[in-house]
Number of protein chains: 2
Amino acid sequence: MATGRTHRPASRSRGIPEATVARLPLYLRALTGLSERSVPTVSSEELAAAAGVNSAKLRKDFSYLGSYGTRGVGYDVEYLVYQISRELGLTQDWPVVIVGIGNLGAALANYGGFASRGFRVAALIDADPAMAGKPVAGIPVQHADELEKIVSDNGVSIGVIATPAGAAQPVCDRLVAAGVTSILNFAPTVLTVPDGVDVRKVDLSIELQILAFHEQRKAGEEAANQAAHPTAARRDDSAEQGPDGDVPAVMPA
Amino acid sequence: MATGRTHRPASRSRGIPEATVARLPLYLRALTGLSERSVPTVSSEELAAAAGVNSAKLRKDFSYLGSYGTRGVGYDVEYLVYQISRELGLTQDWPVVIVGIGNLGAALANYGGFASRGFRVAALIDADPAMAGKPVAGIPVQHADELEKIVSDNGVSIGVIATPAGAAQPVCDRLVAAGVTSILNFAPTVLTVPDGVDVRKVDLSIELQILAFHEQRKAGEEAANQAAHPTAARRDDSAEQGPDGDVPAVMPA
DNA sequence: ATGTCTTTGTGAACGCGTGCACAAAGATGG
DNA sequence: CCATCTTTGTGCACGCGTTCACAAAGACAT
């Protein structure tokens with residue numbers, strides 16, 4: 001979807017479907033948790049529950065990586081952590097630059113999840129000269145003029161764009177020209193990149209709008225149900241409960 | 001995908017496929033841009049280019065909403081903006097609460113994209129008593145004890161979770177119990193919710209890991225190409241090359 | 001060894017999403 | 001009014017992703 005395909009035959013990178021790749025980080029996170037609690041092995045059922053997916057899907061996903069399980073027992077946690085890490089390319093260090101050190105950029109710089117696993121913030125870059133030199137998350141911000149040099153010197157291949165919408169495409173162009181081939185875009189814009197460059201986008205307002213759509217739908221169904229049965233608020237079987245004003249939804253487990 | 005299906009027939013909400021719903025905000029954004037520049041009509045080709053999608057897909061997407069175009073001419077921008085806004089439920093106001101006012105939560109609160117279209121930050125909530133009363137983005141932070149009352153009083157149905165991972169599930173449970181039926185989760189955890197509640201997640205490290213996977217793959221192909229054509233050295237790539245002792249596994253160009 | 005029991009790995013069926021390609025619809029000009 | 005040209009709306013085919021259901025594989029006890 002957001003993958004700059006090398007317009008090769010189809011969407012498999014090597015034999016691993018894109019959908020599977022997107023779930024590997026989820027499995028890895030669950031496995032890391034188990035590893036920290038020194039759990040030696042885990043079944044597909046347990047791990048699937050922890051990752052929030054179907055167990056058949058998980059087994060099929062793992063089958064693309066190889067036969068790493070033992071029938072009747074399950075999967076060796078440590079071994080699987082290693083295999084998935086390797087598959088995802090997390091056994092090496094990825095220097096990352098963050099461009100646009102506003103509220104969001106600063107928050108990203110401070111985010112712990114970076115360093116924890118394979119990623120290292122190589123530099124923070126901002127166009128505002130007033131920011132230059134000021135440390136954010138312990139790293140001094142550098143001016144945008146240095147962008148090309150920073151990317152080149154550090155061998156950066158992954159860039160994070162957290163600029164305002166208007167600046168995103170120019171920044172993207174410069175990053176790509178300097179050698180970056182993967183971009184994570186937080187700006188609310190569609191980025192155009194040459195073939196061979198991957199772009200993934202994270203867009204708050206799109207996510208909210210999708211939620212709003214479903215929310216409206218729920219409210220509509222609710223209203224329709226109430227209209228159909230004004231007296232008996234039809235809550236016979238597992239349907240969705242009231243959004244607002246209505247009976248509070250059920251308690252979780 | 002991340003939609004709490006009502007395990008009803010299939011994945012269509014009303015006749016509108018989920019994939020289409022996910023693209024509507026994209027179209028809306030492009031259309032808003034055109035509207036601001038007073039462009040009266042737009043063809044599927046032009047709009048598709050602006051939104052970064054295929055024109056046939058765009059036409060099919062719109063066909064689910066109705067026949068809003070004029071053959072030989074295109075689509076009326078203003079009319080389409082209205083129809084999509086209505087379909088997405090953006091003609092009404094959605095009060096939203098943000099829970100967890102750390103770096104990220106504060107950045108989200110300051111994000112302009114909220115108020116712009118249908119969404120209103122009804123409250124900021126944090127568990128730290130020291131934060132209580134302190135204004136962030138012009139809104140005073142309230143203590144987590146007030147969560148249920150805030151949700152109830154404001155008729156909040158959408159909640160944003162920006163807490164640390166450990167706090168996410170308990171917060172989620174409380175939000176749902178208080179009546180929230182849509183959750184946008186920024187914490188790196190799998191949330192478990194009852195049926196009828198939608199959860200969408202935004203996860204920085206997952207996105208990075210997916211990029212790393214493709215990046216590693218590119219590096220592998222690159223290395224293989226160089227091996228095949230040692231003279232035709234493409235750009236000097238510095239930091240990578242298979243950490244895995246594994247075979248690069250290439251496919252021919 | 002043999003049998004039983006657990007859990008994996010996968011063949012097959014199905015449904016969703018995508019994109020092609022074209023007919024229908026309407027605008028526009030003579 | 002007719003011809004031509006543009007652009008929509010969609011029937012159709014294809015491929016990816018998901019899920020079911022089960023045989024194969026191995027652990028474990030006797």
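Reminder, nothing fancy here: chain letters follow the sequence lines and each chain counts from 1. Keep in mind the model is a prediction, meaning the values are calculated, not measured.
Aromatic ring centroids of B:Tyr68 and B:Tyr79 lie under 6.0 Å apart.
In this structure, B:Leu80 atom CG and D:dT8 atom C1' are separated by 13 Å, rounded to whole Å. In this structure, the CD atom of B:Glu18 is 15 Å from the C1' atom of D:dG17, given to the nearest Å. Whole-Å rounding puts the B:Arg23 CZ to C:dC16 P distance at 15 Å. Note: CG (B:Leu58) to P (C:dC20) measures 14 Å, nearest angstrom. Put simply, CZ on B:Phe62 is 10 Å from P on D:dT8, counting in whole angstrom units. Rounded to a whole Å, the OH atom of A:Tyr27 is 15 Å from the C1' atom of C:dT8. Taking atom OH on B:Tyr64 and atom P on D:dG11, their separation rounds to 10 Å, with Å as the unit.
Considering CD1 of B:Ile158 and CD1 of B:Ile98, their distance stands at 12.0 Å, rounded to 0.5 Å. For the atom pair CG (A:Leu24) and CD (A:Gln83), the distance works out to 11.5 Å, reported to the nearest 0.5 Å.
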When you look at B:Gln169 and B:Leu191, which way does the side-chain contact (heavy atoms from CB on, under 4.5 Å) test go after all the steps?
CA-CA 6 Å; B:Gln169 184 66 56; B:Leu191 290 181; 3.7 Å; yes
Does the pair A:Leu204 and B:Val202 meet the rule for a side-chain contact (heavy atoms from CB on, under 4.5 Å), with working shown?
CA-CA 8 Å; A:Leu204 171 63; B:Val202 172; over 6 Å; no
Please report the C-alpha distance between A:Tyr111 and B:Ser205 in whole Å, then the side-chain angles of each, then the deciding distance to 0.1 Å, and finally whether the side-chain contact (heavy atoms from CB on, under 4.5 Å) criterion is met.
CA-CA 10 Å; A:Tyr111 177 54; B:Ser205 61; 4.0 Å; yes
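Each of B:Thr32, B:Leu80, B:Val53 was compared with B:Tyr27 under the side chain to side chain contact (heavy atoms under 4.5 Å, CB included) criterion, and only B:Val53 meets it. Just one of A:Val99, A:Asn185, A:Thr189 meets the side chain to side chain contact (heavy atoms under 4.5 Å, CB included) condition when paired with A:Thr163; it is A:Val99.
Residues from residues 34-54 of chain B lying near DNA chain D, meaning a heavy-atom separation below 4.0 Å, are B:Ser43, B:Ser44 in numerical order. Non-hydrogen atoms lying under 4.0 Å from DNA chain C are contributed by B:Arg71, B:Val73, all within residues 68-78 of chain B.
Take A:Phe186 and apply the ring pair (Phe, Tyr, Trp, His ring centres under 6.0 Å) test, not counting sequence neighbours, and it matches no residue.
When the side-chain nitrogen and oxygen atoms of B:Arg59 are compared with OP1 and OP2 of C:dC22, none of them lie within a distance under 4.0 Å. OP1 or OP2 of C:dT10 has not a single side-chain nitrogen or oxygen of A:Lys60 nearer than 4.0 Å.
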